[in-house]
Amino acid sequence: MGGFNMYTMELKTNLLIITMSGVMTKEEGISYIEELKKNIKDISPIDYNIVVDSRKLKKISEELRESRKQAISLIASTPFKKRYNIMPKDIIATMQGLRAGIVNNEFNNTIFAESYGELLKFKV
């Protein structure tokens, strides 16, 4: 698969960091879900914090709506120690993401921030 990935996932000590940027393709949305499932299976989530950095994420296309819902549900239903989300700078992406997660109250245990600096206050 050539080209630049619109997301990266890094496993660090007790931390899963997902960085998202640009506009994802449908294929990337599918591989994102697969990689997320694999990473969750490889760790003991209760010992891990998850940080989703979506500052550079752009508006999500209609065809990716289902993938995003799946990803939000997967993260919300996995018993991570804590969940953090760095909000997109793109206001439309922010509104889309919030709408997708609010439907099933999936952001109840998520701490929102605007930067890594702000996250440090929470001692991630």
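Under 4.0 Å is where a charged nitrogen must lie from a carboxylate oxygen, and between Glu28 and Lys26 no such pair does.
The cluster map of Ile, Leu, Val, Met, Phe, Trp and Tyr, joined by side-chain heavy atoms under 4.5 Å apart, puts Leu64 and Ile30 in different clusters. Tracing side-chain contacts under 4.5 Å through hydrophobic residues (I, L, V, M, F, W, Y), one reaches Met9 starting from Met6; they form part of the same cluster.
Side-chain contact check for Tyr84 versus Asn49: some heavy-atom pair is nearer than 4.5 Å. A 4.5 Å side-chain heavy-atom check between Asp53 and Ile18 finds every atom pair outside the cut-off. Lys81 is not listed as a side-chain neighbour of Tyr48, based on a closest heavy-atom distance of 4.5 Å or more.
Summarising the geometry of Gly29 relative to Ser67, their closest heavy-atom pair is C-OG, 3.9 Å, with the distance given to 0.1 Å.
A distance of 6.5 Å separates CG in Leu74 from CD1 in Ile33, rounded to the nearest 0.5 Å. Atom CD1 of residue Ile17 and atom CD of residue Glu10 lie 5.0 Å apart, to the nearest 0.5 angstrom. Arg55 CZ to Asn85 CG: the interatomic distance, rounded to the nearest 0.5 Å, is 11.0 Å. Distance check, rounded to the nearest 0.5 Å: CG of Leu15 to NZ of Lys82 gives 12.0 Å. To the nearest 0.5 angstrom, Ile43 atom CD1 is 5.5 Å from Leu16 atom CG. The structure places CD1 of Ile86 at 13.0 Å from CE of Met20, a figure rounded to the nearest 0.5 Å.
A donor-acceptor pair under 3.5 Å links the side-chain atoms of Ser115 to the main chain of Glu118, judged by distance alone. Arg83 places a side-chain N or O within donor-acceptor distance of the main-chain N or O of Ile75, the cut-off being under 3.5 Å. Checked by atom type and distance alone, the side chain of Asn14 pairs as donor or acceptor with a backbone atom of Asp47 at under 3.5 Å.
Between Tyr7 and Tyr32, the gap from one ring centroid to the other is short of 6.0 Å.
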